[in-house]
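This report refers to the structure that appears directly beneath it.
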Amino acid sequence: MLRAGFIGAGGRSQSAHYPAVARLPDVEMTAVCEMDETRLAQVTERYDFPHVYTDHRAMLAEVELDVVYCVMHEKWLLQPAMDCLQAGKHIFIEKPPGKNSDETRQLLDAAVEHDVYAMVGYQRRYTTVVREAMRRVRAKGPVSHAVTTFNKKLFYDKPAVSTTLWDDVTHVVDLLRYMVGSEPVEVTRYRDKFDSVSWNHYTALVRFASGATGVVFGNRASGGRVLSAELHGVGIGCYMKLPEEIDIREDDQQAVMQGWEINGDDPEDTPRFEGALAMHEHFVESVRNRTIPVSDLRDVIHTIRLVDWIETGQCPD
């Protein structure tokens with residue numbers, strides 16, 4: 001039985017992470033830490049935590065834990081996450097991993113030094129339609145082209161804490177790199193401000209070492225939320241509405257599948273096919289088997305490099 005601790009009980013934690021971990025067999029939700037008393041009471045009552053704290057250092061010192069879900073806004077993440085890693089705990093953190101790439105590297109160095117995992121919640125890697133697209137394209141030959149799109153309506157009337165590329169569009173930058181399965185060698189990018197004081201529109205063309213090309217669209221000056229992706233190979237193209245649908249065009253034949261259909265899931269069990277549950281299952285399995293998680297910082301650092309490249313227009317090396 002893995003003993004799990006939690007630091008943070010915000011909206012994302014309560015809507016996605018706590019419910020997913022509660023479904024995992026052989027994982028005990030052992031301890032929770034949250035400074036907000038209302039949130040702390042909510043999760044304590046719902047999940048019946050035996051150990052409850054408002055100081056994460058006391059939790060780490062007093063309770064024997066195997067993993068810690070350290071989920072909070074990136075501006076608060078560094079110290080709690082570092083404390084967990086230095087205590088020898090495997091951690092799960094949300095994206096982005098820190099408030100900048102320097103903090104990401106600090107967390108990675110600590111994870112490596114203490115021989116523990118630091119898995120990042122790049123959930124789209126675990127979405128069923130993405131996995132199915134990757135499986136089908138790779139069966140036909142190399143990836144030739146990929147496109148990821150993440151649009152919203154977001155106009156900034158004052159400077160943002162961090163750029164929308166860093167804290168949100170990063171999802172589809174990571175997805176692009178993951179689907180292609182290669183590292184960037186050339187990047188051409190544009191960033192713009194439309195009716196906004198902060199950057200709210202990103203477009204990037206990426207050439208990968210494999211020879212594939214990729215395009216990222218991150219537009220916060222659009223009319224609403226759209227999350228989609230394309231993955232192309234030899235004689236096949238997969239068009240995804242994330243997480244609900246995949247449209248497969250293969251050798252002039254078309255097949256459209258809903259996300260839940262692919263693995264025969266319950267259509268009402270959205271966490272199963274959208275990736276949240278599979279992501280947490282993978283984290284626990286990796287800890288048990290001592291295998292590096294797919295979205296561990298050891299890999300994610302390369303996504304962060306690409307994010308920095310798109311942000312600045314200069315290769316970080």
Side-chain angles (χ1 to χ4, degrees), residues 4 6 8-25 27 29 43 46-47 69 71-72 92-97 119-137 146-154 164 167-180 216-218 220 222 224-231 238-248 255-286 293-296 299-300 303:
F6 293 76
R12 178 61 180 165
S13 289
Q14 292 202 44
S15 65
H17 301 308
Y18 281 77
V21 177
R23 293 177 62 175
L24 302 180
V27 176
M29 298 175 76
V43 295
R46 182 172 181 181
Y47 298 102
Y69 295 86
V71 182
M72 62 195 67
F92 174 93
I93 59 178
E94 257 291 358
K95 60 78 197 165
M119 179 167 156
V120 183
Y122 278 121
Q123 176 181 329
R124 313 307 167 193
R125 296 189 184 202
Y126 304 91
T127 302
T128 298
V129 294
V130 169
R131 293 292 180 93
E132 181 67 6
M134 293 176 66
R135 183 186 70 80
R136 287 176 177 256
V137 169
V147 180
T148 56
T149 300
F150 196 7
N151 296 337
K152 289 182 179 179
K153 181 183 177 183
L154 188 60
T164 191
D167 68 15
D168 202 13
V169 180
T170 181
H171 257 310
V172 291
V173 175
D174 180 76
L175 178 58
L176 184 81
R177 177 182 157 265
Y178 179 66
M179 291 195 304
V180 171
V216 173
F217 296 108
R220 270 66 183 121
S222 188
R225 189 180 188 278
V226 172
L227 181 58
S228 63
E230 299 177 22
L231 187 64
C238 296
Y239 303 82
M240 292 159 272
K241 296 178 182 178
L242 299 175
E244 62 266 26
E245 183 180 282
I246 182 170
D247 182 350
I248 304 162
V256 178
M257 302 180 71
Q258 302 306 303
W260 59 269
E261 289 182 289
I262 294 168
N263 295 325
D265 298 323
D266 181 346
E268 301 300 318
D269 191 2
T270 302
R272 168 58 65 188
F273 60 86
E274 76 171 355
L277 185 57
M279 177 172 65
H280 286 293
E281 289 174 335
H282 174 69
F283 178 51
V284 168
E285 181 182 6
S286 297
V294 168
S295 54
D296 185 84
D299 180 80
V300 164
T303 290

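Just so it is clear, the model here is predicted, and its values are computed rather than measured. Note that the numbering runs from 1 along the sequence shown for the chain.
- Put simply, the side chain of Ile246 does not reach to within 4.5 Å of the side chain of Val130, judged on heavy atoms.
- Using a 4.5 Å heavy-atom cutoff, the side chains of His280 and Met119 are not in contact.
- Using a 4.5 Å heavy-atom cutoff, the side chains of Asp269 and Arg23 are in contact.
- Between Thr303 and Val120, the closest side-chain pair of non-hydrogen atoms is not below 4.5 Å.
- Shown here for Phe273 and Thr127, the closest heavy-atom pair between the two residues is O-CG2, 3.6 Å.
- Among residues two or more places apart in sequence or in another chain, the side chain to side chain donor-acceptor pair (under 3.5 Å) test is passed with Arg124 by none.
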What do the steps show when you test Asp174 against Arg125 for salt bridge (Lys or Arg N to Asp or Glu O under 4.0 Å), and what is the final call?
CA-CA 8 Å; Asp174 180 76; Arg125 296 189 184 202; 2.7 Å; yes
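- Between Met179 and Glu230 there is no side-chain heavy-atom pair separated by less than 4.5 Å.
- Remark: Asp168 pairs with Lys95, Lys152, Arg220 by the salt bridge (charged side-chain N to carboxylate O under 4.0 Å, His left out) rule, at least two apart or across chains.
- Put simply, the side chain of Thr149 does not reach to within 4.5 Å of the side chain of Val172, judged on heavy atoms.
- Remark: the Tyr122 side chain and the Thr170 side chain contain an N/O donor-acceptor pair separated by less than 3.5 Å.
- A perpendicular orientation is assigned to the rings of Phe283 and Tyr69, their planes being inclined by more than 60° (bins at 30° and 60°).
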Phe92/His17 under ring pair (Phe, Tyr, Trp, His ring centres under 6.0 Å): CA gap, chis, key distance, verdict
CA-CA 10 Å; Phe92 174 93; His17 301 308; 5.1 Å; yes
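- The structure places CG of Leu227 at 8.5 Å from CD of Glu244, a figure rounded to the nearest 0.5 Å.
- Two residues are said to be in side-chain contact when any heavy atoms from C-beta on lie closer than 4.5 Å; Asp299 and Val294 fail this criterion.
- Using a 4.5 Å cut-off on side-chain heavy atoms (C-beta onward), Pro243 and Trp260 make no contact.
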